Each structure stands twice: as C-alpha cells, then as structure tokens.
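Here's the structure, in structure tokens; my notes come after.
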Amino acid sequence: MKIYNTLTKEKEEFKPREPGKVSIYVCGPTTYNFIHLGNARSFIFFDTVRRYFRYRGYEVRYVQNFTDMDDKIINRAWEEKENPLFLAEKYVQAYFYDAQALNIQKADIHPKVSQHIPEIIDLIKVLIEKKHAYLVDQDVYFDIATFADYGKLSGRNLDFIQAGARVEVDVRKKNPLDFALWKAAKPGEPFWESPWGLGRPGWHIECTTMALKYLGSGFDIHGGGNDLIFPHHENEIAQAEAATGQPFAHYWIHSGYLTVNQEKMSKSLGNYFLVREILKKFPPETVRFFLLSTHYRSPQDFSEENLNNAARGLERLKTSIILLQEALARFGWSDTSQSSNHKFQTTESEAAFLATLNKLESDFVVAMEDDFNTALALSKLFDLAREVNTYLTQRPETKNQQSEELARVALVKAKELFGSFNEVLGIFKTDVRGDIVLERSFQEKDALVEPLINLIIRLRQEARVKKDWVSADKIRNSLKELGIVLEDTPTGVRWKYKEDNGPVISGAGS
RNA sequence: GGCGGCAUAGCCAAGUGGUAAGGCAGCGGUCUGCAAAACCGUUAUCCCCCGGUUCGAAUCCGGGUGCCGCCUCCA
C-alpha cells in the first residue's frame with residue numbers, strides 16, 4: 001500500500017510499526033460550534049482510511065481527540081454566558097450526532113484535553129527539564145531554537161518566516177515562533193493547578209500528550225486537514241521528539257480543503273455550511289458519496305449543483321442494488337448465508353460474469369492501495385453496477401441447473417461485493433448482517449406515506465388494466481410533481497422519491 | 001517575502017512516460033400502451049499557454065498565465 005507522506009513529500013510504501021496492526025491519530029474538532037462540511041470531509045476521509053485497513057485485515061487502533069479547552073471555547077462561552085466545559089461538552093455531543101448521520105464510526109478512543117491535564121503537565125515538566133521549554137511569568141513556552149528539526153514537516157525555513165507579519169509578537173518570548181505549552185489563567189477563565197500556577201494547556205501540547213499516551217512514540221499515522229500542518233502538527237512534532245528523543249509519527253496524512261467558489265470553506269470567511277444544515281436538504285449517503293468522489297488531497301469545490309450531480313450518480317448505484325436484491329428475491333436466493341463452491345460445468349455468460357466480478361474486486365483494492373484513491377474506487381462501484389445490470393437484462397429465461405447454480409453464486413458474489421465496497425466507503429447504511437439497507441428517503445417521516453402510495457398504485461393499476469391510459473398517466477404525472485416517481489416493470493410497480501433538489505440553499509450557516 | 005497546491009469534454013472527475021477511467025447532462029437505438037429504469041452505441045485527435053528531453057508526454061524539465069492555500073484560530 002502506498003501512502004503520501006507530508007513529511008517526506010512522497011508516496012511511500014506503508015510499513016506498519018507492528019505487523020498486522022495500525023495505529024492512527026486524527027485531530028478532531030475544537031468543540032465550540034457545530035462541524036461544517038469542510039470538517040466532515042476530513043473526518044469522513046479518515047474514517048474511510050480506518051475502514052479500509054480493517055477491510056484488509058489490520059487490527060486498527062484509532063484515536064480522535066476533542067479539543068475541549070481552548071481560547072475559542074472560552075470566548076464563545078463568555079459570549080453565551082455559559083460554562084466553557086459545559087459548552088464544549090454540548091458540541092462534543094453535537095459532533096457525535098452529525099458524525100453518526102454521515103456514517104462516521106466512533107473512534108476506539110475519543111480523548112479530551114480536559115481529562116488529560118496531569119499527563120500534559122508531566123510532559124511539560126519533561127520539556128522544561130530537558131531545556132526545551134522555559135518559564136515566563138506563569139506561562140511556559142517551547143523554545144524552538146533547541147529543536148534542530150523545527151520546520152521539517154511544513155518545509156519552512158525559519159530565516160524566512162515573517163514572524164509577526166499578521167499577529168503581534170509577544171516580546172517576552174525568546175523567539176517569535178516559540179509557542180505556549182501552558183498559559184496562566186486570566187481572571188474568570190477556567191484553570192487547573194500546575195507547578196507554574198493556575199492555568200491551562202496551550203493548543204498543541206494536548207494532541208502530543210494524548211497521541212503518546214494512547215499510541216506511543218513512532219505510531220503509524222497522524223492525520224488532519226491541510227490547515228493543521230503549520231503550526232499545529234509542526235509543533236506537535238517538536239514537542240514530542242524533543243521530549244522523547246524518538247520519531248513521533250511515521251506517516252503524516254493531510255486532507256485537502258473543501259472550497260466554495262474555489263475559496264477555502266472556513267469559519268473566518270463565513271462561507272461555510274454546517275453538516276446539519278446540509279443534511280436537511282440532502283441524504284447523508286449523497287453527502288458522503290460526494291465527499292469521497294474527489295481524491296482526498298485535491299481541493300474539492302462545494303456547490304448545490306455538484307451535490308445534485310452526485311445525487312443523480314448515486315441513484316444509478318441504488319437502482320442497481322435494488323435490481324439485484326429484487327432478482328435474488330425473485331429466484332428465491334435471498335438467503336445468501338452460504339455461497340457454495342460447487343464444481344460445475346461453467347456456462348459461458350455466468351462464468352464471464354463471475355470473472356469480471358473478481359476483477360472488479362481486485363481493481364477496487366488496487367485503487368485504495370494507491371494512496372486511498374476513493375474516486376477511482378467509486379468508479380469500480382459503477383462498473384459493478386453496470387455488470388450486474390447487464391447480466392440481469394441479458395440473462396436468458398430458461399437455464400439448466402448448472403448454470404442456475406452458477407448464476408446464483410455470481411449474483412450472491414455481486415451482492416457481497418456491493419456490501420464489502422460499502423463496508424469500506426461507508427456510503428449506505430447497513431443492517432446487522434452487513435447488508436445494504438436502502439431507505440426510500442432520508443426524509444421519510446410518516447408511516448402513512450407507504451400504504452397511501454401503495455393504494456394509489458393499485459388504483460392506477462386498475463386503470464391500466466382497463467387501458468385507461470389517460471387516468472394512469474395523470475396519476476403518475478401528479479405523483480411526480482409531488483416528488484414521487486413510479487416505474488412500471490414486468491414484475492410490478494416500483495416507486496421512489498426523486499433524488500435531486502431544485503432550489504438552492506441560501507446563505508451560510510451561522 | 002518564504003513555502004505549497006490546483007488547471008483534463010457542457011459539468012464533476014481518475015489518470016506521473018506508452019498513446020485519454022468513471023459519473024452527470026446530451027444524442028441515436030432496444031425495451032415500454034406511453035414513460036421511467038435498464039441495456040447497446042455515440043460524445044476530448046486531445047489534457048491552461050510556449051519551448052525542451054524522449055522512439056513516444058496530460059504525465060519529465062525550463063519559462064509563462066490564471067486561480068487558491070499556509071506563514072494568526074480553522075479539518
């Protein structure tokens with residue numbers, strides 16, 4: 001497997017620290033508000049990375065933190081006249097709500113800064129003892145001059161960094177780029193006791209501490225968005241390696257930005273869309289599908305048009321899955337618990353179909369092995385859909401028993417492929433057996449809808465039997481205006497909600 | 001000023017030396033009472049521009065143009 005490593009700026013062969021095991025630390029949100037779609041892009045991508053490793057049989061230890069103590073949170077709490085930790089916890093829960101909707105699985109460990117103050121203090125002590133940090137009044141700063149490798153991740157040459165170009169330099173620091181490990185509490189701010197007085201951790205030390213605690217030095221993968229490369233991850237490396245004398249993380253993976261009109265979606269620009277707002281207009285599988293349809297390191301532009309485009313593409317996939325499920329049910333093959341390995345004389349079309357399926361499976365793996373190329377992997381899903389559809393439409397009605405059996409094996413295999421691809425990409429919800437569950441619509445809320453539509457369909461069928469095409473078409477067209485699509489098939493009528501959205505969401509999130 | 005990214009058909013998008021995946025939209029056909037869905041066929045002589053290396057480049061090198069990002073908190 002090849003992974004692009006920000007540290008070396010090259011695609012490298014992935015070699016785990018321990019065979020068969022992968023340790024991953026991903027920087028989670030600072031919980032002072034709801035997550036937006038740009039955040040979701042990163043979280044969904046790393047969730048997919050984790051799923052893929054598992055699919056490949058690795059034992060994965062996945063850690064994603066919450067930064068629940070930080071200036072932003074304090075400021076926000078001040079504005080809302082709320083306790084900072086209480087406010088942070090509120091948004092932690094909000095994160096889980098949004099993440100679950102997007103099929104982002106919970107990490108094995110979700111450590112919080114507020115729960116790791118003693119460990120953080122211990123690490124700062126070590127840095128002071130080793131002369132990598134110094135005390136100014138009641139603040140503690142990291143002394144970057146003592147860490148020769150400073151800048152190795154972000155490719156920064158210290159001589160050229162225009163310190164203070166955009167932010168006022170704290171003259172008490174030895175070097176403008178020195179950063180706080182511990183900050184003395186100002187009146188009214190939350191604080192913990194420390195050897196240096198009452199205060200709280202600086203921004204970067206918490207991730208270093210928690211990554212070292214749960215994964216240890218030299219763990220496999222550290223990830224986050226592009227915007228964390230500098231200074232956050234640069235500083236994490238400095239702290240960790242200065243303190244331990246060992247390499248911190250092996251592979252550094254950074255996801256590209258989600259943009260709006262080519263500009264980075266960001267809180268400061270105000271051009272962001274909250275996940276929960278988007279999910280009011282688009283089903284979560286559409287959102288996840290869209291975010292995985294571009295390679296993770298490329299910028300991806302968000303727009304309603306692009307999401308609608310994704311929705312129509314997804315529709316094709318869903319149709320194929322439905323056709324397959326219907327076929328399996330029709331042939332009485334819905335029980336897929338045991339796929340047999342009979343020796344049978346192969347029938348040409350079935351054998352070719354099966355061979356194609358096997359090829360697709362390996363293609364999918366090849367795509368993911370190449371630096372997690374989810375866009376390419378997704379195209380294998382479309383190939384799979386086409387192969388399934390083609391086989392289903394071309395399959396002769398009468399078959400001998402051997403080809404029947406082979407057909408069953410092939411179709412079950414196709415179903416399993418949809419299932420395992422989805423296990424990695426996480427687009428569709430699944431049931432306990434891991435089978436894809438296609439809900440008619442994310443916005444289906446009324447239990448009456450289903451029986452009512454079935455009633456209308458029956459009435460229309462009566463009209464069709466009488467060849468009353470005028471009435472039949474009138475019903476179908478009227479339903480379509482309501483966003484409900486009818487499809488007459490040889491085996492009955494199928495209905496579904498129209499997937500794409502017309503009007504554009506106006507305005508950004510708050 | 002330093003560092004970095006992106007530019008592929010109407011739209012989205014993969015592709016880092018071997019002669020342009022996939023999706024959406026469009027067009028023609030099959031199927032259908034008509035549709036829809038599905039299937040078949042079709043849609044970039046060319047990958048921002050100029051030059052170079054090579055038998056061969058969207059892919060490598062040099063130069064240029066445009067857009068964006070980081071250097072302050074942001075996934």
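The shown structure was predicted, so the numbers you read here are calculated from the model rather than taken from an experiment. Numbered from 1 within each chain, the chains take letters A, B, ... in sequence-line order.
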* Residue Phe43(A), side-chain heavy atoms: nucleotide from C39(B), A75(B), G15(B) that is nearest -> A75(B)
* Mind checking whether His233(A) and His254(A) have ring centres under 6.0 Å apart? -> yes
* To do: Please find out if less than 6.0 Å separates the ring center of Phe14(A) from that of Phe53(A).
  => yes
* Does NZ or CZ of Lys380(A) fall inside the cone over Phe421(A)'s six-membered ring, less than 6.0 Å from its centre and within 45° of the axis? -> no
* **Residue closer to the 5' end of RNA chain B, Asp383(A) versus Thr319(A) (nearest nucleotide)** => Asp383(A)
* On a whole-Å scale, what distance lies between the P atoms belonging to U59(B) and C49(B)? -> 10 Å
* Asked: Nearest-Å distance, CD (Glu315(A)) to C1' (C12(B))?
  -> 17 Å
* At under 4.0 Å between heavy atoms, what does Phe382(A) touch on the DNA or RNA strands: base, sugar-phosphate, or nothing? -> sugar-phosphate
* C1' spacing across the pair C73(B) / A37(B), given as an integer number of angstrom -> 50 Å
* Asked: What does Gly223(A) touch in the nucleic acid at a heavy-atom separation under 4.0 angstrom: a base, only the sugar-phosphate, or nothing?
  -> nothing
* Asked: Leu228(A) or Phe290(A): which one's nearest nucleotide on RNA chain B is closer to the 5' end?
  -> Phe290(A)
* Name the nucleic acid region contacted by Asn309(A), choosing base, sugar-phosphate or nothing; use a 4.0 angstrom heavy-atom cut-off, strictly under. => base
* Asked: Tyr32(A) and Tyr91(A): aromatic ring centres closer than 6.0 Å?
  -> no
* **Among C67(B), G23(B), A37(B), the one nearest Gln262(A) by side-chain distance** => C67(B)
* To do: Report yes if a donor N or O on one partner sits less than 3.5 Å from an acceptor N or O on the other, where the partners are the side chain of Lys264(A) and the base of C68(B); otherwise report no.
  => no
* Asked: Taking the same atom, P, in G28(B) and in U43(B), what whole-Å distance lies between them?
  -> 15 Å
* Using the P atoms only, state how far A58(B) lies from A7(B), rounded to an integer number of Å. => 15 Å
* Asked: Counting any heavy atom closer than 4.0 Å, what does His295(A) reach on the DNA or RNA strands: base, sugar-phosphate only, or nothing?
  -> sugar-phosphate
* Ring centroids of Tyr257(A) and A75(B) base under 5.5 Å with planes under 30° -> no
* Can a donor-acceptor pair under 3.5 Å be found between the side-chain atoms of Asp473(A) and the base atoms of G33(B)? -> yes
* Does any donor-acceptor pair link the side chain of Arg464(A) with the base of G33(B) at a separation under 3.5 Å? -> yes
* Is NZ or CZ of Arg316(A) both nearer than 6.0 Å to the six-membered ring centre of Phe382(A) and within 45° of the ring axis? -> no
* Check every atom of A75(B), C73(B), G33(B) against the side chain of Arg460(A) and return the nucleotide holding the closest atom. => G33(B)
* To do: Answer with yes or no after comparing the ring centroid distance for His110(A) and Phe66(A) against a 6.0 Å cut-off, counting only values under it.
  => yes
* Can you check the Leu314(A) CG to A37(B) C1' distance for me, whole Å? -> 16 Å
* To do: Could you check whether Leu258(A) gets within reach of a base, just the sugar-phosphate, or nothing at all, counting any heavy atom under 4.0 Å?
  => base
* Structure fact -> Lys466(A) atom NZ is separated from C34(B) atom P, nearest whole Å, by 21 Å
* Asked: What nucleotide, of C73(B), C24(B), G4(B), holds the atom closest to the side chain of Lys72(A)?
  -> C73(B)
* Asked: Please give, in whole Å, the distance from A35(B) P to Ile457(A) CD1?
  -> 20 Å
* Nucleotide of A75(B), C73(B), C34(B) approaching Pro231(A) most closely (side-chain heavy atoms) -> C73(B)
* Structure fact -> From the list Asn306(A), Asn261(A), Thr259(A), side-chain hydrogen bond (donor to acceptor under 3.5 Å, both in side chains) with Asp301(A) holds only for Thr259(A)
* **Inter-nucleotide P distance (A21(B), A14(B)), Å rounded** => 15 Å
* For the side chain of Phe230(A), counting heavy atoms from C-beta on, which of G23(B), C71(B), G69(B) is nearest? -> C71(B)
* **Proximal nucleotide (of C12(B), G2(B), G33(B)) relative to the Arg476(A) side chain** => G33(B)
* **Nearest-angstrom distance, P atom, U45(B) to C6(B)** => 25 Å
* Structure fact -> Closest of A75(B), A38(B), C12(B) to the Asn306(A) side chain is C12(B)
* **Distance, rounded to the nearest Å, where Gln394(A) contributes CD and C40(B) contributes P** => 7 Å
* Options C70(B), A35(B), A36(B), nucleotide nearest the side-chain atoms of Asp488(A) -> A35(B)
* To do: Select base, sugar-phosphate, or nothing to describe what Ser266(A) touches, counting heavy atoms under 4.0 Å on all strands.
  => base
* Asked: With a 4.0 Å cut-off on heavy atoms, is Asn373(A) in touch with a base, just the backbone sugar-phosphate, or nothing at all?
  -> sugar-phosphate
* Check every strand shown and say whether Lys467(A) touches a base, only sugar-phosphate, or nothing at a heavy-atom separation below 4.0 Å. => nothing
* Please give, in whole Å, the distance from G69(B) P to His233(A) NE2? -> 20 Å
* Please confirm whether Tyr214(A) and Tyr25(A) have ring centers closer than 6.0 angstrom. => no
* Nucleotide opposite G62(B) in a Watson-Crick or G-U pair, distances under 3.5 Å -> C50(B)
* Quote, to the nearest angstrom, the C1' distance that separates C48(B) from A44(B). => 15 Å
* Asked: Under 4.0 angstrom, heavy atoms only, what part of the nucleic acid is Ile229(A) near: base, sugar-phosphate, or nothing?
  -> nothing
* Under the 6.0 Å and 45° cation-pi test, does Arg41(A) pair with Tyr296(A)? -> no
* Listed nucleotide nearest any side-chain atom of Ser379(A), set A21(B), G4(B), C70(B) -> A21(B)
* **Rounded distance in Å - CG (Asp301(A)) to P (C67(B))** => 16 Å
* To do: May I ask you to say what Thr259(A) touches in the nucleic acid, namely base, sugar-phosphate or nothing, with a heavy-atom cut-off under 4.0 Å?
  => nothing
* Asked: Gly38(A) near the nucleic acid: base, sugar-phosphate alone, or nothing, with a heavy-atom cut-off under 4.0 Å?
  -> base
